[in-house]
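Take a look at the structure set out below.
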Protein chains: 2
Amino acid sequence: MHANRINRIRDRMADEGLDALMVTALPNIFYLSGYTGSTAVVLLTQGNCWFLTDFRYHEQFEQQVWNGYTLVDNTGRKFVEDILPSLADAKSIKRIGFEAAHATYTALQKLQVSSELEFTPTMGWVEDLRIIKDEKEIELLRASVRLNEQVFEASLRIIGPDATEADLAAEIHYQALKLGAKGYSFDPIIASGPNSSKPHAGFSLSKLVPGAPLTIDMGVVLDGYCSDMTRTVFYKDCPADWAKIYQLVREAKDRAFAAIRPGKLGKEIDAVARDLIYKAGYEGKFEHGLGHGVGIEVHEQPTLSRMGEQELKPGMVVSDEPGIYLPGQGGIRIEDMVVVRENGAENLNELATELRIVG
Amino acid sequence: MHANRINRIRDRMADEGLDALMVTALPNIFYLSGYTGSTAVVLLTQGNCWFLTDFRYHEQFEQQVWNGYTLVDNTGRKFVEDILPSLADAKSIKRIGFEAAHATYTALQKLQVSSELEFTPTMGWVEDLRIIKDEKEIELLRASVRLNEQVFEASLRIIGPDATEADLAAEIHYQALKLGAKGYSFDPIIASGPNSSKPHAGFSLSKLVPGAPLTIDMGVVLDGYCSDMTRTVFYKDCPADWAKIYQLVREAKDRAFAAIRPGKLGKEIDAVARDLIYKAGYEGKFEHGLGHGVGIEVHEQPTLSRMGEQELKPGMVVSDEPGIYLPGQGGIRIEDMVVVRENGAENLNELATELRIVG
């Protein structure tokens with residue numbers, strides 16, 4: 001698996017005349033090696049896979065990293081001055097690609113100390129591989145989605161007259177780790193009543209508002225893969241006006257799902273949901289994109305939005321999450337994760353989206 | 001408070017001939033504005049404070065951001081092409097500083113589309129202010145430290161024969177949010193027995209190892225300020241060999257604390273703890289730095305390590321965290337947070353560091 005990924009990078013290096021690729025983004029390092037630590041650099045050449053990290057992570061290297069890599073201790077050592085000359089294939093390394101979207105100005109300045117080396121920007125080489133998930137990755141994503149649904153159900157049990165948004169967030173964090181997650185894709189959004197009109201609300205110390213939407217947007221990380229799910233439920237009661245909006249959002253989600261298939265552009269799927277919502281009288285009330293890729297990171301390519309020019313392909317995994325937000329009143333969002341398949345799409349979520357009243 | 005900070009930035013802009021400073025690092029934006037959202041750019045000129053964010057964060061702008069700022073909606077708009085020309089003082093903006101340590105190559109390429117603008121790297125202008133905490137910030141850090149200690153105590157109650165490292169991590173997350181934290185400074189390290197020999201262990205599904213160190217390194221975020229504390233306790237029993245090592249680490253921490261005062265260099269404080277540990281026979285068993293600044297971020301300047309060339313000044317807040325790690329056996333680390341004061345230092349932690357047996 002790692003060998004195959006690295007070979008594809010090597011082919012591209014050969015095509016574009018690079019002697020080495022320096023990978024610094026941690027999600028890309030995980031994809032190419034299995035490493036989950038927080039400090040490392042991968043340097044790929046045609047002949048070697050170098051793994052640079054400091055003494056704190058040497059044990060973790062031994063435990064996690066694919067055995068095609070050779071560890072290079074970089075404790076207190078500078079890359080160009082100290083490390084490069086010490087590599088077995090040092091002499092063949094002149095033109096080195098760096099990850100342009102991740103390398104900072106300061107980091108690049110530190111590299112550009114030798115006139116013999118040519119550091120060359122590359123854009124998303126590893127991300128271009130990551131955008132298509134293989135079946136093993138899809139199973140990992142499915143497991144992450146399933147766990148996320150379990151955490152959701154387990155956490156809802158604490159809902160009651162004294163429960164705050166923060167209590168629910170605490171319970172979600174607790175249940176996630178108790179049920180086996182290694183962490184969270186992002187801090188959960190727990191937004192009740194008027195708070196739910198903000199798509200990125202976070203959570204507050206407010207108690208849940210009866211007869212109003214309660215939006216819960218959450219995700220866990222399991223074996224390195226993220227889940228991302230939103231359910232809007234109603235605490236105590238659901239007024240008819242909100243029920244109507246809920247069904248509209250749900251229909252937008254379902255229609256977008258039905259439209260997903262290879263060859264469609266991200267913006268075409270976005271338009272399916274958006275047109276339905278706007279034509280029902282909610283123009284301007286659904287301003288975020290319909291969805292985004294999910295994988296090792298919770299926000300990846302492709303994007304399903306008005307800017308989504310990318311063509312969908314089998315193995316892409318995206319969120320499908322339309323919403324309607326009424327400032328000062330509240331908002332509704334429903335989100336599942338979807339795999340693009342040869343003949344359509346597969347929904348990774350099993351948790352029902354029927355209107356649900358809790359508490 | 002924000003006005004004062006911005007004026008100091010403006011003085012430096014004037015000194016260095018910049019018409020504007022573009023601030024993109026979120027901790028710096030929080031420091032200059034109060035904003036805790038996840039997408040924004042601050043643009044400071046001598047006459048204006050511009051706050052750029054998209055429609056998702058306009059409500060949050062109104063609620064959080066210091067009222068000296070003017071909101072600029074950047075939804076779908078490009079900075080140089082669309083936004084800059086629309087600003088009231090557009091004509092006076094030619095030379096714009098960017099944050100070199102945070103701007104990526106890709107982001108800079110997007111900016112460099114006009115020959116009339118000169119984007120100029122700046123290094124840590126806002127960080128240079130943040131390194132000295134004022135009394136209000138120190139009180140916020142104290143509150144974060146106090147909450148972190150409460151979370152620690154509340155979480156220890158679950159320790160028992162069936163508890164795993166992950167259970168303890170789950171309980172810490174739960175208690176943190178229940179007790180009022182907005183989040184965590186970092187994922188907790190819960191390392192029992194041999195796991196504790198890795199300074200950055202994370203947590204596993206292993207049960208706690210009796211008669212061995214249990215290292216708990218944790219921090220919460222409260223009102224935007226981080227705490228960071230480590231305690232190594234012993235589950236069930238503490239063998240005499242470990243007790244001796246524990247007391248050595250504790251003495252190293254206390255001696256380093258006693259040495260902290262204005263005018264000392266970071267590396268001098270590091271050496272106080274390191275020399276004691278190395279001379280006691282543990283050379284090579286304490287390889288990380290003694291400490292680091294803590295504030296809006298959990299790792300800030302200054303550094304207390306062998307590389308710590310910076311002079312300590314009143315208002316700096318640093319961690320003091322020596323350790324001894326024996327691979328395959330376990331490790332001990334004790335960490336408090338310390339304020340540099342005019343005549344010495346003040347320990348923000350109140351939780352005792354005496355050897356403690358739990359369970």
Side-chain angles (χ1 to χ4, degrees), chain A residues 36-39 54-60 63 75-76 98-109 119 121 123-124 164 166-184 186-188 197-205 284 287-288 306-307 325 327-328, chain B residues 36-39 54-60 63 75-76 98-109 119 121 123-124 164 166-184 186-188 197-205 284 287-288 306-307 325 327-328:
Chain A
T36 63
S38 57
T39 303
D54 67 58
F55 73 93
R56 292 173 302 169
Y57 297 97
H58 289 187
E59 271 192 74
Q60 197 165 351
Q63 288 159 6
T75 311
F98 66 86
E99 295 188 288
H102 308 297
T104 64
Y105 180 89
T106 303
L108 287 171
Q109 290 295 107
F119 284 94
M123 258 320 282
T164 65
D167 289 339
L168 197 47
E171 190 68 20
I172 286 169
H173 277 218
Y174 179 75
Q175 294 291 347
L177 295 199
K178 285 290 279 188
L179 292 170
K182 281 307 274 186
Y184 321 102
F186 53 93
D187 279 346
S197 75
K198 286 175 276 183
H200 290 78
F203 52 84
S204 76
L205 296 173
E287 288 306 288
H288 60 73
R306 286 174 277 203
M307 271 106 78
Y325 309 93
Chain B
T36 63
S38 56
T39 303
D54 67 57
F55 72 94
R56 294 173 301 171
Y57 298 97
H58 290 186
E59 272 193 72
Q60 196 164 353
Q63 288 160 6
T75 310
F98 65 87
E99 295 188 288
H102 307 297
T104 64
Y105 181 90
T106 304
L108 287 170
Q109 290 296 108
F119 284 94
M123 258 319 283
T164 65
D167 289 339
L168 197 47
E171 190 68 21
I172 285 169
H173 277 219
Y174 179 76
Q175 294 292 347
L177 295 199
K178 285 290 279 188
L179 293 170
K182 281 307 275 186
Y184 321 104
F186 54 93
D187 279 345
S197 74
K198 286 175 278 187
H200 290 77
F203 52 84
S204 76
L205 296 173
E287 288 306 289
H288 62 72
R306 285 175 277 203
M307 273 105 78
Y325 309 93

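Each chain gets a letter, A, B and so on, in the order the sequences are listed, and its residues count up from 1.
Between atom CG of residue Asp187(B) and atom CG of residue Leu177(A) there is a gap of 8.0 Å, rounded to the nearest 0.5 Å. Note that CG of Asp54(B) and NE2 of His288(A) are 11.5 Å apart. Values are rounded to the nearest 0.5 Å. For the atom pair Thr39(A) OG1 and His200(B) NE2, the distance stands at 7.5 Å (nearest 0.5 Å).
Heavy atoms of Thr36(A) lying under 4.5 Å from chain B are absent altogether. Neither the backbone nor the side chain of Thr164(B) has a heavy atom closer than 4.5 Å to any heavy atom of chain A. Residue contact with chain A, scored on non-hydrogen atoms closer than 4.5 Å, involves the side chain of Met123(B) exclusively. Contacts of Ala103(A) with chain B are made by backbone atoms alone, with heavy-atom separations under 4.5 Å and no side-chain atom involved.
Listed here is the closest heavy atom pair of Ala101(A) and Thr104(B): O-CG2, 3.4 Å. The two residues Glu59(B) and Ser197(A) make their nearest non-hydrogen contact at OE2-OG, 3.5 Å.
Phe186(B) is linked by a ring-ring contact (aromatic ring centres under 6.0 Å, His included) to nothing, counting only residues two or more places apart in sequence or in another chain.
A cation-pi geometry, defined here as NZ or CZ lying under 6.0 Å from the six-membered ring centre and within 45° of its normal, does not hold between Lys198(B) and Tyr57(A).
For the set Pro121(B), Ala166(B), Pro199(B), the count of heavy-atom pairs under 4.5 angstrom toward chain A peaks at Pro121(B). Most heavy-atom pairs under 4.5 Å with chain A: of the set His58(B), His102(B), Gln60(B), Lys182(B), this distinction falls to Lys182(B).
Each of Gln175(A), His173(A), Glu171(A), Lys178(A) was compared with Tyr174(B) under the side chain to side chain contact (heavy atoms under 4.5 Å, CB included) criterion, and only Glu171(A) meets it.
Ring geometry for Tyr105(B) versus Phe98(A): interplanar angle over 60°, hence perpendicular rather than tilted (30 to 60°).
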